[in-house]
Protein chains: 2
Amino acid sequence: MPIDLLLNNISKYIHLTEEERSVFKDYLQPKSFKRKQFLMHEGEVCKYSAFVTSGCLRGYTVDKNGIEHVLSFAPPDWWMGDMYSLISQKPGILNIEALEDTETITLSKTNQEKLYIAVPKFERFFRILTENSLVANQQRIIDNLSLTAEERYGLFCKRYPTLIDHLPHKQIASYIGVTPEFFSRMRNRRLH
Amino acid sequence: MPIDLLLNNISKYIHLTEEERSVFKDYLQPKSFKRKQFLMHEGEVCKYSAFVTSGCLRGYTVDKNGIEHVLSFAPPDWWMGDMYSLISQKPGILNIEALEDTETITLSKTNQEKLYIAVPKFERFFRILTENSLVANQQRIIDNLSLTAEERYGLFCKRYPTLIDHLPHKQIASYIGVTPEFFSRMRNRRLH
DNA sequence: CGAGAAAGATGATGTAGGTTAAGAAATGAG
DNA sequence: CTCATTTCTTAACCTACATCATCTTTCTCG
């Protein structure tokens, strides 16, 4: 059951009673996306966060030259959303697209707020989730400031081994912050 | 009173009773730092977060070539800490230093945990704080991926006008991700 | 399974920003 | 106030990575 993946994930941080679990479930809604389908486009207000149970999502921006920049991937067991738009309820900056057929469990912004009131423990859960995400983002900033592209690629391979042979190279290149051409050259160098 | 700055800050996100406010105060400890004094060095476990009421702090890492990279500044009304170390209680990666004589109100990790239990509302406060911080960090990643150094400098000026004529140029250069030499050239170009 | 599209590789050339070095200006401890 | 230290500027040269163009390989969806 996909929802077990989510409940299991949550149980790492907070303990839920059977009652609370059932309240929580009522607030959720499963959503499926076909490859290349979008969860949201920039300029729209983000209305829910999505927990991936199978497949993979990517969130990216498009710069003034039309070049895409990947902010994050969401393989199974990860949450995805346009954080900025979710919390401000203003038009978002991210495009979120399914890289392959993807199953998610979504929690709408309104239900999330209801959940905080019905089961305050979830304040804690999402606080911890956000803290972890913040730390990962801070580390990425430091990496971007202090490492070469090649070193960042090495780190990516180490940190996300499952993603490496799963994603198109150009997506990884974009996440790391180089062009597909340079990425190709880097990889060739690595194989001596 | 410095603590009013903090209470005022908090009241933007949650409402506290007189009772709760007083519990909160009991968990706090004021700490002063002289210019160039360190709150923590990398490799130490971070034991508290600091809310700045006057002065300014900076958090930075040192790369393998000995070059410093500024992750964040904390002027008055901002929190500072090594998030990674605070939540994991493992040796931290940041050096946190006072850029000038600085007054802070600190909340130890242990008191923060007690606070969550004594006044659960603070789960919400710190969740929101962390969410905002996450959004700012995501934006910085996007900026680093998609803008030139000159554009990032422009943004910095717009977003942190008070910091601009307050901080040594080399610190801003480091935050933006360029060398002091290039920063100097950029600034000259701007003045035509 | 086959055609069209997308992804990847490779070479030639361009450029944003780094490095090194040295002098000028600002700053702060005594 | 002053000298030592740190910060800032300028200039010549260098390199990691981008761009552009072309070709090959791999998908994908009818």
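All chains are named by letter (A, B, ...) in the order of the sequence lines, taking the proteins before the strands, and each is independently numbered beginning at 1.
The distance between atom OH of B:Tyr153 and atom P of D:dC8, rounded to the nearest whole Å, is 11 Å. Straight-line distance from the CG atom of B:Asp165 to the P atom of D:dC8: 13 Å, rounded to whole Å. With rounding to whole Å, B:Lys170 atom NZ is found 16 Å from C:dA25 atom C1'. In this structure, B:Leu167 atom CG and D:dT6 atom P are separated by 19 Å, rounded to whole Å. Following rounding to the nearest Å, A:Leu145 (CG) and C:dG18 (C1') show an atom-to-atom distance of 15 Å. Rounded to a whole Å, the CZ atom of B:Arg35 is 10 Å from the P atom of D:dT6. In this structure, CG of A:Leu99 is placed 11 Å from P of D:dT28, rounded to the nearest angstrom. In this structure, A:Lys34 atom NZ and D:dC29 atom P are separated by 10 Å, rounded to whole Å.
Remark: the backbone N or O of B:His15 is paired with a side-chain donor or acceptor of B:Lys121 at under 3.5 angstrom. The main-chain N or O of B:Cys46 is found under 3.5 Å from a side-chain atom of B:Ser85 such that the two form a donor-acceptor pair.
Between A:Val52 and A:Trp79, every side-chain heavy-atom pair lies at or beyond the 4.5 Å cut-off.
In this structure, B:His169 reaches the D:dT9 phosphate: one of its side-chain N or O atoms is under 4.0 Å from OP1 or OP2. Residue A:Arg187 places no side-chain N or O under 4.0 Å from the OP1 or OP2 atom of C:dG8.
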> What string of B, S and - do you get for nucleotides 11-22 of chain D, 5' to 3', when a contact is any protein heavy atom under 4.0 Å?
Replying inline: -B----BSBB--
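Atom NZ of B:Lys170 is surrounded by 12 or fewer heavy atoms from other residues, nucleotides or ligands within 6.0 Å.
Ring centroids of B:Tyr175 and B:Tyr60 are separated by 6.0 Å or more, keeping the two rings apart. Outside the 6.0 Å centre-distance limit, the rings of B:Phe38 and B:Phe33 are not counted as a close aromatic pair.
Backbone-only engagement by B:Pro168 is indicated by non-hydrogen atom pairs under 4.0 Å involving sugar-phosphate atoms exclusively.
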>> For B:Phe183 and B:Tyr153: C-alpha separation, side-chain torsions, deciding distance, then whether ring-ring contact (aromatic ring centres under 6.0 Å, His included) applies.
In response: CA-CA 9 Å; B:Phe183 187 77; B:Tyr153 176 49; 5.0 Å; yes
